[in-house]
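To find a chain, count down the sequence lines: A is the first, B the second, and so on, and within it residues start at 1.
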Amino acid sequence: MSGLLEIRNLRVHFPIGGGLFSKPKLLRALNGISLDVQEGEVLSIVGESGCGKSTLANAILGIQKPTSGKVLFEGKEIHHQRRRDIAERIQPIFQDPQSALNPRKTVKDLIAMPLRVRGAHSAKEIGRTVDEIMELVGLPQRLGHSYPTALSGGQRQRIAIGRALVTRPKLIVCDEPTSALDVSIQAQILNLLADLRAELNLTYVFISHDLSVVRHISDRVAVIYLGRIVELGPADDLLDDPLHPYTRKLRSAHLSTAPHQELPKPVFKGGFPDPTNPPLGCHFHPRCFDALEVCETHVPGSVRRGRSDVACHLYTGLGTPGDDMTEIRRTGSTEEE
Amino acid sequence: MPTTTQKRPLLEVRNLSTRIGASHGTITVGRDISYELNPGETLAIVGESGSGKSVNTMALVGLQPKRATVTADKLAFEGRDLLTLPRDQMRTIRGNEISVIFQDPMTSLNPVLTVGEQLIEVYLAHGLGTRAEAEERAIYLLERVGMRNAAARMRQYPHQLSGGLRQRVVIAIAMMCKPKLIIADEPTTALDVTVQALILSLLRELQDEFKMALILITHDFGVVASIADRVLVLYAGGVVESGPAKDVIANPAHPYTSGLLNCIPRMEDDDRGQPLNTIPGMVPSLAGNLHGCLFRNRCALAEPACASDPIPEVAVGAGRMARCIHADAILAETRAQEGGQ
Ligand SMILES: Nc1ncnc2c1ncn2[C@@H]1O[C@H](COP(=O)(O)OP(=O)(O)O)[C@@H](O)[C@H]1O
Ligand code: SF4
Ligand code: SF4
Ligand SMILES: [Mg+2]
């Protein structure tokens with residue numbers, strides 16, 4: 001099944017450091033990501049900071065060139081198209097609207113900007129569209145000539161959302177859109193995103209570190225560890241019954257507001273590894289309480305379990321002779337197309 | 001054997017108010033805040049940004065903004081009046097008996113000094129012993145906060161450490177002088193949830209071991225639920241509700257607390273597709289003369305009586321209070337909701 005967005009074995013490597021006498025090291029920010037996003041769905045991406053979430057967002061937006069692999073939007077490789085054409089169909093919403101909004105432009109100018117860049121619209125058309133968008137994202141008309149610094153964080157995020165929508169894109173990449181907001185404002189923005197999705201048939205790639213927000217908004221969730229997807233599945237399955245040891249740890253570190261919430265037990269062995277020198281085999285093995293011998297040498301391929309895909313040797317059958325292979329369909333290693 | 005020392009709270013705060021002079025008049029960022037903290041206890045101060053969590057808590061140790069005026073009927077640490085304490089004595093208490101941890105560890109760390117130098121410096125500056133003793137304690141504490149190769153870490157600079165490790169160093173520095181109270185302002189907000197869990201467990205462990213009290217400033221009710229003994233909910237500079245953390249979270253008695261808790265998507269419920277609850281309106285301006293309940297412009301239960309002073313502090317169970325004329329009714333309702341689930 002092909003999706004609105006298809007990501008095929010995507011790698012983004014950054015050379016870092018290196019001087020006169022030393023070779024630069026290679027940071028494999030994305031190391032073979034494959035993912036389909038269906039039209040109209042919300043796919044969330046979770047993982048610790050530095051795992052590659054934002055690099056993936058940038059690659060989808062066409063801002064970050066892949067080292068290898070493909071990003072297809074409606075079947076066409078986006079990195080072969082003009083940035084401006086891509087920007088009309090795929091728009092970002094970032095965490096900190098403050099830094100994304102020029103403080104010397106008014107609300108209306110900010111929202112109109114993508115249309116002005118495109119040209120081909122009369123001032124009257126632009127004015128009408130901007131008014132519609134302001135209505136759509138819940139910005140009262142009287143704020144049209146205000147500057148973003150005079151507004152609240154929630155209102156600024158509404159401007160950013162309005163600006164993202166003005167070219168009628170199909171896909172919105174939301175990178176921690178509510179992390180800087182208070183919970184009462186977060187609730188308003190999440191409701192707005194849900195309404196807009198229904199009304200405009202939008203598709204979201206939603207990056208967040210807050211699992212309860214992720215659970216609330218997403219259809220499916222992908223968990224990334226050091227540039228690789230370790231688990232991908234329906235939000236309920238993945239968060240109620242995580243399969244991968246890393247997903248389980250993330251899940252148990254989430255502090256809910258249930259009165260019986262306790263502090264989680266120590267979550268990992270050891271610290272976050274050096275991303276320029278990731279552990280061999282399963283990247284997670286030095287920190288994994290379930291690690292098998294095979295985990296130190298072999299990258300686990302992705303296998304299907306229920307409705308999820310999980311990349312872990314507890315399920316590949318390679319390290320657990322007792323495992324019932326008929327239940328497990330191996331889909332090969334991440335090295336293959 | 002009969003004990004002669006009567007039980008006295010470690011910290012007593014009565015009617016703390018903070019006003020900040022601005023070009024257009026005075027804004028009241030803290031209004032009649034009162035609470036007590038016992039030795040070894042964890043108090044969470046929770047509220048949305050701008051509610052006054054930081055300003056009013058930092059004011060305890062003289063770290064309020066320059067233009068701020070702090071008043072209180074009582075502000076006592078082990079019976080000593082913190083308001084009238086001379087600067088140098090406050091400085092001795094701060095760091096020695098009360099340590100402060102900020103959200104951004106770099107606020108407390110000096111980028112040009114090694115981790116070891118910074119740990120040793122606080123110990124020597126407070127005249128607690130020799131350099132050798134300082135070094136020994138520093139290494140011990142780095143190990144206690146879960147850093148392997150503590151001796152090697154001593155020689156590293158802050159920029160060589162991850163955010164989580166830096167915050168551990170800050171905690172170790174805060175512990176150098178065996179404080180009786182740690183004030184931590186959003187210490188885990190900038191960290192990954194996995195690191196947050198580690199840092200909170202660490203604080204908890206150190207607290208048990210050294211019998212420290214902790215004031216934890218946070219906007220995250222998940223943090224409150226998992227670590228706090230008691231909670232103080234701030235809105236627009238005033239305490240709207242306080243009590244044992246688990247009771248307040250399970251059955252809030254103030255419309256603001258219950259509204260805030262209802263905005264949070266829950267892992268446990270399947271609320272996908274349902275709109276989240278929101279709190280309409282905005283926090284009012286804190287300029288000029290304030291009167292009545294400051295939540296009234298957003299409260300569905302508001303009535304004329306809510307505009308006049310004083311709004312009573314209603315006792316709603318053991319060690320609990322809510323500043324709302326309908327507190328009893330709201331508590332009954334949140335209890336019924338819980339029962340009906
Ligand atoms: N240095 C300062 N000068 C003027 N106003 C300040 C200063 N610091 C904080 N405030 C104001 O005090 C109020 C409470 O702020 P703060 O204590 O930082 O809230 P919180 O920690 O709950 O987010 C806010 O209205 C804020 O703008
Ligand atoms: S592959 Fe091995 S080391 Fe990796 S998560 Fe699974 S059990 Fe742990
Ligand atoms: S005192 Fe009145 S306005 Fe304030 S919270 Fe209670 S009912 Fe609402
Ligand atoms: Mg603060």
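Rounded to the nearest 0.5 angstrom, A:S184 OG and B:L261 CG are separated by 12.0 Å. Annotation: the span from A:L263 atom CG to B:L202 atom CG amounts to 11.0 Å, rounded to 0.5 Å. Taken to the nearest 0.5 Å, the NE2 atom of A:H209 stands 10.0 Å off from the CG atom of B:L191. Rounding to the nearest 0.5 Å places NE2 of A:H260 at 11.5 Å from CD1 of B:I249. Summarising the geometry, atom OG belonging to B:S49 is positioned 8.0 Å from atom CD1 belonging to A:I185; distances are rounded to the nearest 0.5 Å. Distance check, rounded to the nearest 0.5 Å: CD of A:Q261 to CE of B:M267 gives 10.0 Å.
Both the backbone and the side chain of B:L260 come within less than 4.5 Å of a heavy atom of chain A. If you measure heavy-atom distances from A:L190 to chain B, the contacts under 4.5 Å come from the side chain alone. Of the atoms belonging to B:N277, it is backbone heavy atoms, and not side-chain ones, that fall under 4.5 Å from chain A. Proximity to chain B is absent for every atom of A:S179, based on heavy atoms less than 4.5 angstrom apart.
Side-chain contact check for A:T257 versus B:R266: some heavy-atom pair is nearer than 4.5 Å. Annotation: side chain of B:V193 is not in contact with side chain of A:L211 (no heavy-atom distance under 4.5 Å). Under the 4.5 Å side-chain criterion, counting only non-hydrogen atoms from C-beta, B:Q196 is in contact with A:L255.
In terms of heavy atoms, A:A187 sits closest to B:C263 at CB-O, 3.7 Å. A:P264 and B:A197 get closest at one heavy-atom pair: CG-CB, 3.5 Å. Contact between A:Q188 and B:I279 at its shortest, heavy atoms only, is NE2-O, 3.6 Å.
Contacts with chain B were tallied for A:V214, A:D236, A:I217; A:D236 has the most, counting heavy-atom pairs under 4.5 Å.
For CE of B:M106, the number of neighbouring non-hydrogen atoms (other residues, nucleotides, ligands) closer than 6.0 Å is greater than 12.
Residues of residues 191-208 of chain A that come closer than 4.5 Å to chain B, counting heavy atoms only, are A:N191, ordered by residue number. Within residues 136-148 of chain A, no residue approaches chain B closer than 4.5 Å by heavy atoms.
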